[in-house]
Amino acid sequence: MLKQAASAAAEVIAGGRGAGMTHAWLFTGPPGSGRSNAAKAFAASLLCPDQGCGHCGSCHQVDVGSHADLTWIRPEGLSYSAKQTRELVLKAAGAPTQGRWRIVLFEDADRATEAAANALLKAVEEPPPRTVWLLCAPAPDDMIITIRSRCRVITLVTPPTEAVANVLVTRDGVDPELAHFAARASMGHIGRAKRLALDQESRQRRAEVLAIPRSLSSVGDCITAAERLVKTSSDDADAATTALNEVESADLRRMYGEGSTGKGLNKGLVRGGAGALKELETMQRSRATRIKRDSLDLALLDLVSYYRDVLAVQFGAAVELASERADVEAVARASTPEVTLRRIDAIMKCRERLAANVNPQIAIEAMTISLR
Amino acid sequence: MTLVVGDEELLADRAVAAVVAAVREADSGAEVHDLAGGKVELGELTQLASPSLFEDRSVVVIRSAQDLSKDVIAEIVKYAAHPADDMFLVLAHPGGVKGKALVDGVKKAGASVVTVTRLTKPGERLDFIKAEVRAAGRTITQGAAQALLDAVGSDLRELAAACGQLAFDTADKSIDEAAVARYHRGRAEVTGFMIADLAVEGRLAESLEQLRWSLATGGPPVLIVSALAGGLRSLAKLSGAPRNLRGAQLAGQLGMPPWKVDRVRRQLNGWGPIGLSAAIQAVADADEQVKGGGTDPAYALERTIQVIVASRTGR
């Protein structure tokens with residue numbers, strides 16, 4: 001599919017069905033549809049002298065993210081600020097050094113705050129002649145309308161289960177049965193399917209999350225389940241950040257003169273060091289919160305897919321189920337479609353609350369209680 | 001030479017002032033140098049300690065001694081071993097690790113040490129109030145002391161000022177509750193936990209009153225919400241605990257201290273699963289409201305407390 005996207009893009013540049021090259025592109029599609037990969041392939045074909053051969057130096061540099069004309073933005077914190085965006089706009093204004101284009105690939109552009117999006121607007125509106133913006137977001141609606149209207153939108157879709165399973169079997173050598181399970185469970189998200197297929201712990205985690213609906217017999221159970229979910233998410237964040245934080249702090253301290261030797265040196269941090277450290281810590285906290293939220297969100301989406309299956313069974317819809325049929329049928333018999341819909345609403349409400357910075361434990365407790 | 005160690009500012013100030021006053025009493029012409037730790041330069045102390053032409057006594061006070069630089073600390077410790085006869089050195093250090101070399105060094109050299117630790121228990125603060133009033137030549141009843149503590153809060157400086165003012169304003173030998181009530185009213189410090197306890201016990205009026213006090217004195221709404229959530233969470237946990245567990249085992253299972261288990265058990269009276277569910281939902285709503293989802297955190301909190309109390313139906 002990425003090849004398709006790249007060739008479609010090449011056709012557009014060549015003045016085919018489209019109207020030639022555009023300076024701003026918006027790649028949209030559900031998680032797992034390969035937004036950033038498609039954007040990367042497109043960037044490679046723009047920079048490559050051979051329109052994306054895949055094995056020249058330029059393509060290789062794009063692949064590992066070290067190409068001088070490609071600025072790759074991957075927001076790590078909770079949001080991408082206006083200040084960062086202004087710096088980015090400045091960087092994007094330069095002329096390309098080697099290729100024909102200077103490309104800015106902005107992953108998760110929906111993380112940009114409204115102020116940041118407005119700061120970006122001017123650059124997208126009147127870009128320098130050789131600059132190309134590649135923005136990625138789940139849906140066109142996630143970007144403010146003024147940016148959306150200045151981009152050419154490329155809509156990607158998730159591949160069918162068969163295709164995902166096929167990739168897992170042929171590329172990663174996964175056992176076909178497991179590959180089918182992972183492909184169904186991930187609902188078309190290739191990256192997630194791969195993790196489910198290859199990582200025992202991810203499967204275990206998913207099984208635990210899906211066991212929650214059946215474990216909620218008393219209010220106390222709801223509280224316990226919520227506690228466990230929140231604990232798992234903060235463990236995730238710890239695992240992902242603790243080592244990284246230490247390395248970053250040590251690097252910054254060294255930059256500000258700690259451990260240096262010589263006359264008049266080694267007196268701790270030089271001027272500005274404390275401020276910079278504080279800024280770094282704020283960034284690290286924001287990153288940890290984001291990982292925590294993403295981890296919770298993953299669990300919530302698993303739950304939503306479970307109740308979607310329940311609903312499908314209740315209505316007798318002939319769709320593929322992401323969860324085990326026997327499991328789902330038991331729940332489907334014990335409740336009504338109204339109840340199921342209310343439960344799905346509660347999960348979605350919980351996601352909204354998490355995004356609105358509500359204390360995760362409180363939000364999840366309210367959700368598990370609604371699932372009871 | 002005196003070392004005042006401790007983080008209770010008022011008491012430290014008083015200890016320093018007492019030394020200065022004692023020196024002044026012995027020699028009214030004594031000169032006082034009041035220095036801040038971070039600004040003392042190397043050699044300054046030696047200069048001050050060198051004999052003066054007129055053989056005046058002097059007092060050198062160094063406050064926030066934790067900020068002294070390493071070199072100055074070394075200088076002071078060296079000086080402490082051979083102090084000058086006509087100079088009194090008073091060092092105020094808040095305790096803690098920073099500048100600990102100074103504390104250890106000066107103690108070793110034989111300085112008299114005054115320890116002023118922060119008062120943490122309400123009982124200690126009551127004793128402080130009583131001592132304060134006694135120092136002014138008056139007495140205060142237990143109830144009046146408690147009322148004063150509730151109304152003024154836990155800052156010793158404010159308490160001391162309030163005691164002084166009361167002793168000045170009232171005529172009777174003993175200060176009673178009526179006298180305190182004439183000048184002080186209300187509560188300075190209300191924690192979210194107090195509000196939450198009252199709410200889950202179904203005492204609506206008191207709970208709302210405390211909430212008002214808390215908000216009026218700048219209590220952060222977010223903490224009140226999390227206390228409410230915590231209170232309900234404890235109830236839910238205990239209600240779902242296995243029936244056969246008792247005592248320490250139960251406390252371990254719930255992750256609460258045993259005394260809290262007892263209290264939560266009393267609070268669980270009148271709560272049923274439906275009510276608990278509704279109350280927890282209301283708290284989640286409130287958290288969203290106080291974090292920018294609504295326009296008025298005070299309204300959101302009041303409403304939540306009303307919902308909580310109304311949910312306590314036994315069902």
A:Arg372 versus B:Pro273, closest heavy-atom pair with distance: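 That would be NH2-CB, 3.7 Å.
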What is the minimum heavy-atom distance between B:Ala284 and A:Arg353, and which atoms define it?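 Smallest interatomic distance, heavy atoms only, reads CB-NH1, 3.4 Å.
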Are more than 12 heavy atoms from other residues, nucleotides or ligands located less than 6.0 Å from atom [atom1] of [X]?
| X | atom1 | result |
| --- | --- | --- |
| A:Glu281 | CD | yes |
| B:Glu9 | CD | no |
| A:Arg293 | CZ | yes |
| B:Arg303 | CZ | no |

Heavy-atom distance under 4.5 Å between the side chains of [X] and [Y], does that happen here?
| X | Y | value |
| --- | --- | --- |
| A:Lys349 | B:Glu288 | yes |
| B:Leu232 | A:Glu365 | no |
| B:Leu235 | A:Val219 | no |
| A:Gln361 | B:Ser226 | no |
| B:Val222 | A:Asn359 | no |

Of the backbone (N, CA, C, O) and the side chain (C-beta and beyond), which part of [X] lies under 4.5 Å from a heavy atom of chain B, both, or neither?
| X | answer |
| --- | --- |
| A:Ser218 | side chain |
| A:Glu352 | neither |
| A:Ser217 | neither |

So which of B:Gly240, B:Ser277, B:Ala241 has the biggest tally of heavy-atom pairs under 4.5 Å with chain A?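 Looking at each of B:Gly240, B:Ser277, B:Ala241 in turn, B:Ser277 comes out on top.
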Calculate, to the nearest 0.5 Å, the distance between atoms CD1 and CG belonging to A:Ile223 and B:Leu254 respectively.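 If we round to the nearest 0.5 Å, A:Ile223:CD1 and B:Leu254:CG are 12.0 Å apart.
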Distance (rounded to the nearest 0.5 Å) between B:Asp285 CG and A:Ile362 CD1: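 Rounded to the nearest 0.5 Å, the CG-CD1 separation comes to 11.5 Å.
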Under 3.5 Å: donor-acceptor pair, side chain of B:Lys291, backbone of A:Val358: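 Not at all, since once roles are kept as given, no pair shorter than 3.5 Å links the two residues.
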Are the charged groups of B:Lys237 and A:Asp221 less than 4.0 angstrom apart, N to O?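 Result for this pair is no, no salt bridge flagged.
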